[in-house]
Enquirer: 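My questions will all concern the structure given below.
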Amino acid sequence: MRKRTLHYLTFSLVSMVSYGQKMFTTTDAGDVLALEYSNYLNLNEIQLDHKSVVMDFTSLLDSSTFGFGVDYTNHSLDFDDYNRYHNYADFEELHSIEIYARYKMNLVNNWDLNITVAPYLSSTLNESMSSEDVVFSYATNFIKTWDNDGLKSTLKLGAGYGALFGKPNFYPLISYAKEVNKKLKYEIGIPVTGIYYQVNEQSSFDLKAEPESIYANNAAAFSLENDEVLRNSKLEFKAITLGLGYKFRFDDNWSTYFNMGYVMESELGISENDNTVYDFGSNESIALNIGISFNLNKK
């Protein structure tokens, strides 16, 4: 029984990334409630932090898996060093609400089909909501699984649409993952590349490179320096983070996760109709992330 549990834990190390923007959970098993806090220490003199709550529910059937959930994230930005030149108060609080549904169907020869639909709202909420605040994101991928003496390998091929890399667009979903042994696994691909190591039944580490993004609409009037007024301006942040994470399981239900990351290739700006209004430049930063999750299903 202990060996079976350890094998399950090894496979549940892959963090889940939403098809809209980044979504926290340290398990892809479903049926989880998770809280997360992230802080970016210095993005070119701009402070950024996220506070997220995720509720994910998955019903396991004999031949397929249907999952659904909701993710809310509050983004707080500190423009103090820039407010002497302009007032960016409208963009200091951003809200992202994502509702998603996943469907997995077993095909032939160990192939599975995964379909995800995830409409989400990302906005300053300074005015009444409109279609500009909503992005309809989705993804489809095929998964092939091999089993070699109890060690599994998986190949994922697919594509998605959403703000995973900044402004909503299409992106590939391609990855190959392999269990080297019962404790070590690696994954190479897009959007996540990583190495995962299970120390024991309670502790595990991961080293991952993955995208970070925010794309939020501001429906309120935003005045430029030339007195021009914009509506439905967008704040866009995108970056690649290389992070070292540690997960600790207290028991079958509770676990906590800590990650220290190095933010690279970051871009932060305000745009309107695809035209850049303000570019705050890019800067490397240290990102700290901590979360706690409660597994609603002990399977």
Enquirer: Assess whether atom NZ of K167 is packed by more than 12 heavy atoms of other residues, nucleotides or ligands within 6.0 Å.
Expert: no
Enquirer: Quick check on the 6.0 Å ring-centre criterion: do Y197 and F205 meet it?
Expert: no
Enquirer: Indicate yes or no: at least one non-hydrogen side-chain atom of L35 is less than 4.5 angstrom from one of V54.
Expert: no
Enquirer: Just checking, is any N or O donor in the side chain of D71 or Y120 under 3.5 Å from an acceptor N or O on the other one?
Expert: no
Enquirer: Under a 3.5 Å threshold, yes or no: a donor from one side chain and an acceptor from the other, between Y196 and E187?
Expert: yes
Enquirer: Drop me the distance from E92's CD to N126's CG, to the nearest 0.5 angstrom.
Expert: 10.0 Å
Enquirer: Evaluate side-chain contact (heavy atoms from CB on, under 4.5 Å) for E236 paired with L268, printing each intermediate quantity in order.
Expert: CA-CA 6 Å; E236 180 180 357; L268 178 64; over 6 Å; no
Enquirer: Could you give the distance from CG (D49) to CG (N74), rounded to the nearest 0.5 Å?
Expert: 7.5 Å
Enquirer: Any salt bridge linking D147 with K152? Criterion: basic side-chain nitrogen under 4.0 Å from a carboxylate oxygen.
Expert: no
Enquirer: When R249 is tested against each of S203, S255, S204, S293 for side-chain contact (heavy atoms from CB on, under 4.5 Å), which residue passes?
Expert: S255
Enquirer: What heavy-atom pair brings S96 and H75 nearest, and what distance separates the two atoms?
Expert: OG-NE2, 3.3 Å
Enquirer: State, yes or no, whether a side-chain contact exists between T193 and Y186 at a heavy-atom distance under 4.5 Å.
Expert: no
Enquirer: Does I99 CD1 have over 12 foreign heavy atoms under 6.0 Å away?
Expert: no
Enquirer: If you compare all heavy atoms of V263 against all heavy atoms of A287, which two are closest, and at what distance to 0.1 Å?
Expert: CG2-CB, 3.8 Å
Enquirer: Answer yes or no: is there a donor N or O on one side and an acceptor on the other, between the side chain of S130 and the main chain of E132, under 3.5 Å?
Expert: yes
Enquirer: NZ of K144 to CG of L155: how many Å apart, nearest 0.5 Å?
Expert: 9.5 Å
Enquirer: Applying side-chain contact (heavy atoms from CB on, under 4.5 Å) to F222 and Y278, what does each step give before you reach the verdict?
Expert: CA-CA 12 Å; F222 179 63; Y278 289 101; 3.8 Å; yes
Enquirer: So do the side chains of N114 and F142 get within less than 4.5 Å of each other, counting heavy atoms only?
Expert: no
Enquirer: Please tell me if the side chains of T73 and L94 come closer than 4.5 Å, counting only heavy atoms from C-beta onward.
Expert: no
Enquirer: Atom CD1 in I270, atom OG1 in T276: separation rounded to 0.5 Å?
Expert: 10.5 Å
Enquirer: Working to the nearest 0.5 Å, report the span between CZ of F294 and CG of D251.
Expert: 8.0 Å
Enquirer: Donor-acceptor pair, S123 side chain versus L125 backbone, under 3.5 Å?
Expert: yes
Enquirer: What about V277 and I46, same hydrophobic cluster or not, with Ile/Leu/Val/Met/Phe/Trp/Tyr joined at side-chain heavy-atom distances under 4.5 Å?
Expert: yes
Enquirer: Under 4.5 Å between any side-chain heavy atoms of N218 and F91, yes or no?
Expert: yes
Enquirer: I'd like to check the side-chain hydrogen bond (donor to acceptor under 3.5 Å, both in side chains) partners of N232; sequence neighbours left out, ordered by chain and number.
Expert: N217
Enquirer: Can you find a pair of side-chain heavy atoms, one from P191 and one from L164, that are under 4.5 Å apart?
Expert: yes
Enquirer: Tell me, please, which residues at least two apart from K238 pass side-chain hydrogen bond (donor to acceptor under 3.5 Å, both in side chains).
Expert: none
Enquirer: Of all heavy-atom pairs between G261 and N259, which one has the smallest distance, and what is that distance?
Expert: N-OD1, 3.5 Å
Enquirer: Go through Y262 and I286 one step at a time and tell me if the side-chain contact (heavy atoms from CB on, under 4.5 Å) criterion holds.
Expert: CA-CA 5 Å; Y262 179 66; I286 298 298; 4.1 Å; yes
Enquirer: Heavy atoms only: give me the nearest G166-S213 pair and the separation to one decimal.
Expert: N-CB, 3.5 Å
Enquirer: Do E212 and I240 touch side chain to side chain, with heavy atoms closer than 4.5 Å?
Expert: no
Enquirer: Are the side chain of N148 and the backbone of L151 linked by a donor-acceptor contact shorter than 3.5 Å?
Expert: no
Enquirer: Using only heavy-atom distances, determine whether the side chains of S76 and D78 contain a donor-acceptor pair under 3.5 Å.
Expert: no
Enquirer: Would a distance-only check, ignoring hydrogens and angles, find a side-chain to backbone donor-acceptor pair under 3.5 Å from S52 to E36?
Expert: no
Enquirer: Do V229 and L235 sit in the same hydrophobic cluster, where Ile, Leu, Val, Met, Phe, Trp and Tyr count as joined when their side-chain heavy atoms come under 4.5 Å apart?
Expert: no
Enquirer: For a quick test of reading the model, state the closest non-hydrogen atom pair linking D133 to M129 and the distance between them.
Expert: OD2-CA, 3.2 Å
Enquirer: With a 4.0 Å cut-off, would you call R231 and E272 a salt bridge?
Expert: no
Enquirer: Ignoring hydrogens and geometry beyond distance, is a side-chain donor-acceptor pair present between E179 and S153 at under 3.5 Å?
Expert: no
Enquirer: Is there a chain of hydrophobic side chains (I, L, V, M, F, W, Y, each step under 4.5 Å between heavy atoms) that links Y138 to I143?
Expert: no
Enquirer: If you define the side chain from C-beta out and look only at heavy atoms, does anything of T154 sit under 4.5 Å from Y176?
Expert: no
Enquirer: Aromatic ring centroids of Y246 and F258 under 6.0 Å?
Expert: no
Enquirer: Answer yes or no: is there an ion pair linking K208 with E210, defined by an N-O contact shorter than 4.0 Å?
Expert: yes
Enquirer: Knowing that exactly one of Y72, Y37, Y40, F237 qualifies, which makes a ring pair (Phe, Tyr, Trp, His ring centres under 6.0 Å) with H50?
Expert: Y40
Enquirer: Centres of the Y103 and F66 rings: under 6.0 Å?
Expert: no
Enquirer: I'd like to know whether CD of E265 has more than 12 heavy-atom contacts from other residues, nucleotides or ligands below 6.0 angstrom.
Expert: no
Enquirer: Is it true that D56 and R102 make a salt bridge, defined as a side-chain N closer than 4.0 Å to a carboxylate O?
Expert: yes
Enquirer: Check for me whether the distance between the ring centres of Y88 and F280 falls short of 6.0 Å.
Expert: yes
Enquirer: Heavy atoms only: give me the nearest Y171-G162 pair and the separation to one decimal.
Expert: CE2-N, 3.6 Å
Enquirer: Evaluate the criterion side-chain contact (heavy atoms from CB on, under 4.5 Å) for residue pair L33 and V53; output intermediate values, then yes/no.
Expert: CA-CA 8 Å; L33 171 64; V53 57; 4.2 Å; yes
Enquirer: To the nearest 0.5 Å, how far apart are CD1 in I97 and NE2 in H95?
Expert: 8.5 Å
